[in-house]
Each structure stands twice: as structure tokens, then as C-alpha cells.
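Computed from heavy atoms alone, side chains included, the values below leave out hydrogens, waters and symmetry copies.
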Amino acid sequence: MDTVVSLALAVVSLFGFYALLALSLGIIFGQLGVVNVAHGEFVMVGAFTMYALAGVPFLLRVAVAVVVGLVLGVLTERLVLAKLYARGFLATLLAMWGVAIVLRQGADAIFGSTPASVAAPIAGTVDIFGVSYPTYRLVATAVCLGVVAVSLFVIYRTSFGLNIRATVDNREMAALLGIPPAFMMTAGFAVGTAIAVLAGAVQSPMLGVTPNVGASFLAPAFFAVLLGRPGSLPGSIVGAFIVAVLSTVLRTYLSETAAQFVLFALLIVLIAARPNGLTWRKPQWLSKSSASVAAQPGAA
């Protein structure tokens, strides 16, 4: 029983973190079409922001990290990506690769390569069905999932989110309707970047913070996005849950190196087989059932 509870808690904790990563990457990759290979470095920026502001109240540091993420997103989109969209995904991929190198080398020059640590604001453990689990991990998971829920609500249930999606679908038509495409593209990228930085900030007490800390998060984030339906943010969240379960199980029964090898191998196979992501379709029997119900007299 203890093993099952420990495994479930590990899955939920990892899912909260991966869900934020998948959401932020899904906004940038799935919605804006940018292959953001600097996504892990954005996470690293959030972690180092928390470390650099040691002594400042934890929540204030998180708020500063979000602001840093917004500024970083605006600068990256306006100065690097704005003129590259028309040149296709390869141009934006190479540009973001350059951004990743600059951020990584900049962090190394400022903070060095020695792992840094960030103190958790909440100490102690909570007893869950006989298993002691760090309190902060549970709080961090709740915060991550809360941010995911609020973000999905904003994107799918507010005029701001509608404007972003309209701009992504058809910039010319959005412009004719009075929606400024350049502003909405910048806003979308900035929001995605800020969420990635927030993920790094919230997760920082559980990390050994180094300039390369974000590299290990890029593959799971892309894996999660590719498992979801193309362009579907909720699909990316479902993909994050699948990746969290897979990663936890692999790390439980294999060494860290072997688990990473299997995860990367599966990602390579997925990209090779479905470079545009998986397309989930309603089962044929369910489609027929729905159609028959709709055809019945008096059906709503």
C-alpha cells in the first residue's frame, strides 16, 4: 500500500510541474508555431531568479520571476522572432537555439556551474495514508495545477484568449476585425514564456540549480505536446499526465540514466512516426451511437 501511495504522490507532483511546462510550450509551439528549443532555459531563468533574490520573501520572488518572464518573452518575440515567422519553423528554431545558448552561457558567466539551492518556504511533511510527503511539494503541485486551470479558462473563455486564437488561425482576418496581430502574437509568446519561468521558480526548491538544469525538461515538455492533439492545449495537459506516469514508473524500476534513455527513445520514435503530433479521434462505434441518438425523433 505504501508503495502505491508513494508512486501516486510522485506522479501527481511531477504532473503538476509537467502540466505547466506543457501548457507554456503548447502556447508557443502549438498556438504560435514556434519550435521553442529555449524552453528549458526559460525554466532555468525562473530558478536562478529565485536564487539571485535570496532573502526576499518567497512569494515576492515568484512575482518578480513572472515579471522577468513577461519581459524576456516580449524582448525575445519582438527582437528575435517578429521578422522570422514568414521564413518558416526552421528559422525560428535556429533563432531560439541561439537564445538558449545566450541564456545558458549568461547564467554560467554570472552564477557559475556549481549547483545552487533555493530554500523551500514551507518545511515539514504531511502524512498521507501512512506515507510522509514534503508539504511544499504538495503546495507546489496545487499551485501549478491552479495556474493551468486559470490559464485554460483565460484562453478559452475570455475575449483576450479568443483574440489570441483568432490571430493564430488567420492574421489577416483578425486584423480586419480590429485585432492587432503583432500585439497578440507578442502577448501569446510573453504569456507562454512567463508560465515557463513560473514553473522554474515554483520548482526551484526541489532542484539543483545550474545553467544546464533546464535541458532535462525540454524532452518531456515536447513529448507531452506531441501526445496531445495538434494545437490543443487541453491535449497537452493530458499528454503531461501520460509523461508523468511514464517517467515515474521508469525511474522507479530503472536507473536514472536508463529511464532517460527510454524516455528519449520513445520521443524519437514518436517524432519519427508522427512529426505533427498524435491525432485522437472519436471511436467509430461512439460516432455511430451519437449519430443514431441525434436521428431519433424528439432528440435535442
Side-chain angles (χ1 to χ4, degrees), residues 1-26 40 43 47 117-152 195-196 198-209 213-229 232-270 277-278 280 283 286:
M1 180 64 181
D2 288 352
T3 302
V4 174
V5 173
S6 297
L7 191 63
L9 289 172
V11 168
V12 172
S13 178
L14 195 59
F15 168 57
F17 180 49
Y18 282 175
L20 264 191
L21 294 183
L23 174 67
S24 54
L25 184 62
V43 176
S117 61
V118 176
I122 303 174
T125 60
V126 176
D127 187 77
I128 302 177
F129 296 109
V131 175
S132 295
Y133 202 74
T135 304
Y136 179 74
R137 284 184 178 271
L138 294 176
V139 173
T141 300
V143 170
C144 290
L145 295 179
V147 171
V148 169
V150 171
S151 299
L152 290 178
I195 294 175
L198 174 63
V202 172
Q203 193 76 3
S204 60
M206 295 170 275
L207 300 173
V209 185
V213 69
S216 61
F217 302 135
L218 183 61
F222 268 110
F223 204 169
V225 171
L226 289 174
L227 283 173
R229 290 184 293 111
S232 169
L233 293 181
S236 297
I237 306 306
V238 174
F241 180 75
I242 296 173
V243 174
V245 172
L246 180 62
S247 182
T248 301
V249 172
L250 289 174
R251 289 173 178 172
T252 300
Y253 296 102
L254 299 175
S255 66
E256 181 68 22
T257 301
Q260 288 290 333
F261 172 80
V262 173
L263 191 63
F264 274 83
L266 290 174
L267 178 59
I268 292 172
V269 171
L270 178 60
L278 298 179
W280 302 96
L286 186 58

Tell me whether Y133 at atom OH has more than 12 heavy atoms from other residues, nucleotides or ligands lying less than 6.0 Å away.
yes

Please answer whether the main-chain N or O of V243 pairs with a side-chain N or O of S247 as donor and acceptor at a distance below 3.5 Å.
no

Specify the closest pair of heavy atoms between [X] and [Y], including all atoms of both residues, with the distance to one decimal.
| X | Y | value |
| --- | --- | --- |
| V118 | S204 | CG1-OG, 3.7 Å |
| T248 | A10 | CG2-CB, 3.8 Å |
| L233 | L23 | CD2-O, 4.1 Å |
| G208 | V213 | O-CG2, 3.7 Å |
| A19 | L145 | CB-CD2, 4.4 Å |
| A47 | V209 | CB-CG1, 3.8 Å |

If I take atom [atom1] from residue [X] and atom [atom2] from residue [Y], how far apart are they, to the nearest 0.5 angstrom?
| X | Y | atom1 | atom2 | value |
| --- | --- | --- | --- | --- |
| L138 | I122 | CG | CD1 | 9.5 Å |
| L227 | S236 | CG | OG | 9.0 Å |
| L250 | S255 | CG | OG | 10.5 Å |
| C144 | F15 | SG | CZ | 10.0 Å |
| F217 | F222 | CZ | CZ | 15.0 Å |
| S13 | Y136 | OG | OH | 10.0 Å |

One pair to check against side chain to side chain contact (heavy atoms under 4.5 Å, CB included): S151 and I195. What are the steps and the verdict?
CA-CA 9 Å; S151 299; I195 294 175; 3.8 Å; yes

Across all chains, not counting sequence neighbours, the side-chain contact (heavy atoms from CB on, under 4.5 Å) partners of A215 are none

Criterion side chain to side chain contact (heavy atoms under 4.5 Å, CB included) on V202 and F17, from CA distance to verdict
CA-CA 9 Å; V202 172; F17 180 49; over 6 Å; no

Going by salt bridge (Lys or Arg N to Asp or Glu O under 4.0 Å), name the pairs with one or both residues in residues 125-151, residues two or more places apart or in two chains.
none

Show the numbers, then the answer: is there a side chain to side chain contact (heavy atoms under 4.5 Å, CB included) between F241 and V245?
CA-CA 6 Å; F241 180 75; V245 172; 3.9 Å; yes

Could you tabulate the donor-acceptor pairs under 3.5 Å formed by side-chain atoms of residues 260-269, not counting sequence neighbours?
| from | atom 1 | to | atom 2 | distance (Å) |
| --- | --- | --- | --- | --- |
| Q260 | NE2 | E256 | OE2 | 3.4 |

